[in-house]
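What follows is a short report on a single structure.
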Amino acid sequence: MAPIDAVPKGYDTEAKCLEIVKYPHPALRRDNAEVTVFDDKLRQFADNLFTTLYTCDNGIGLAAPQVGVNIRMMVYNPLRSREDENREGDEVWINPRIVGRSDDLDTKSEECLSFPKIKGDVTRPWWVEVEAVDLEGKPFGRRIEGMEARLFQHEFDHVQGVVFIDHISDDRRKVVQPRLDYLQEVYLRNGGKKPSL
Ligand code: ZN
């Protein structure tokens, strides 16, 4: 097995599931590089992110740093649930930016594949105006709202090196701290050398 802190081999050249890194893996806190090359490797990586979400794990959104690849890229599908395997909502966001946000805020419970069995309320703008480029490097943008806006902001945080526990209340943090401590123990036991809390 590759060292736990290493970038996964073949993530952009083979069709495969990728291992989702868990707290406190340092990839969750590293700077993420702008994507400048739009080639078959990038498309393979986007496919692999969806395969990881749908085949090996079960989630609706994933950002590149969550599989140990520190670039500004994220995918999600707001139409998908465990029961509904709808691929029509598959969205790839590369070099995403938030260029506007609502004053209206919305608070809901969030969870994250990098923080198994942890939940916490997070307050976020109800809508965001966003820009990004697609897999061909072509710019696009739109306003998104509600549940999709929450999903976008959660994944966008990952691209910024921010994770949802950074937003939870101090009281909630105290409740989930034992679980975070346990995840850190697991990381160290598996040979992790650079925990980033
Ligand atoms: Zn997450």
Side-chain angles (χ1 to χ4, degrees), residues 4-5 7-8 11 17-33 35 45-82 89-98 101 105-126 128 130 132 144 146-169 172-173 175-177 179-184 186-187 192 194-197:
I4 191 168
D5 292 329
V7 177
Y11 72 89
C17 277
L18 298 157
E19 195 173 330
I20 295 177
V21 304
K22 310 291 192 301
Y23 174 91
H25 194 290
L28 296 172
R29 295 298 196 181
R30 284 186 192 126
D31 284 344
N32 293 296
V35 175
F45 180 43
D47 280 353
N48 288 347
L49 287 171
F50 283 117
T51 303
T52 303
L53 267 183
Y54 298 156
T55 309
C56 300
D57 270 273
N58 196 345
I60 55 173
L62 193 59
Q66 287 184 278
V67 295
V69 177
N70 285 106
I71 63 173
R72 299 182 69 79
M73 177 164 174
M74 55 194 244
V75 306
Y76 64 61
N77 184 339
L79 303 179
R80 199 172 185 278
S81 66
R82 274 166 224 263
D90 283 5
E91 300 257 14
V92 179
W93 301 87
I94 298 167
N95 302 339
R97 295 191 306 138
I98 295 178
R101 39 172 72 81
L105 301 175
D106 174 49
T107 301
K108 283 208 170 52
S109 179
E110 294 191 11
E111 46 196 317
C112 178
L113 291 170
S114 295
F115 293 77
K117 297 186 183 159
I118 293 177
K119 286 183 186 185
D121 279 358
V122 179
T123 300
R124 298 187 184 274
W126 169 249
V128 283
V130 302
I144 53 186
M147 183 269 186
E148 185 182 355
R150 175 170 297 279
L151 191 51
F152 183 98
Q153 291 173 86
H154 179 108
E155 301 309 333
F156 179 76
D157 271 352
H158 281 300
V159 171
Q160 303 285 88
V162 174
V163 290
F164 85 107
I165 58 157
D166 299 344
H167 300 303
I168 64 178
S169 69
R172 184 64 191 163
R173 175 75 187 216
V175 172
V176 303
Q177 192 59 48
R179 177 73 189 162
L180 293 170
D181 292 344
Y182 169 75
L183 290 175
Q184 185 173 354
V186 172
Y187 169 79
K194 295 170 255 176
S196 277
L197 306 180

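What you are looking at is a predicted structure, and each value in this text was computed from that prediction instead of being measured. Both counts, for ligands and for their atoms, begin at 1 and track the order of listing.
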Evaluate D157 against Q153 for side-chain hydrogen bond (donor to acceptor under 3.5 Å, both in side chains), listing each step before the verdict.
CA-CA 6 Å; D157 271 352; Q153 291 173 86; over 6 Å; no
Between L197 and Y23, does a side-chain contact (heavy atoms from CB on, under 4.5 Å) hold up when you go through it step by step?
CA-CA 7 Å; L197 306 180; Y23 174 91; 3.5 Å; yes
Side-chain heavy-atom pair S196, L28 within 4.5 angstrom cut-off
no
Listed protein N/O/S atoms, distance to the Zn ion (ligand 1) under 2.8 Å:
C112 SG, H154 NE2, H158 NE2
Start with the C-alpha gap between R172 and K119, add the side-chain angles, then the distance that decides, and say whether side-chain contact (heavy atoms from CB on, under 4.5 Å) holds.
CA-CA 9 Å; R172 184 64 191 163; K119 286 183 186 185; 4.2 Å; yes
Listed by chain and number, what are the ring pair (Phe, Tyr, Trp, His ring centres under 6.0 Å) partners of H158, not counting sequence neighbours?
H154
Over 60° means perpendicular and under 30° means parallel, so classify the ring planes of Y76 and W93, tilted if in between.
tilted
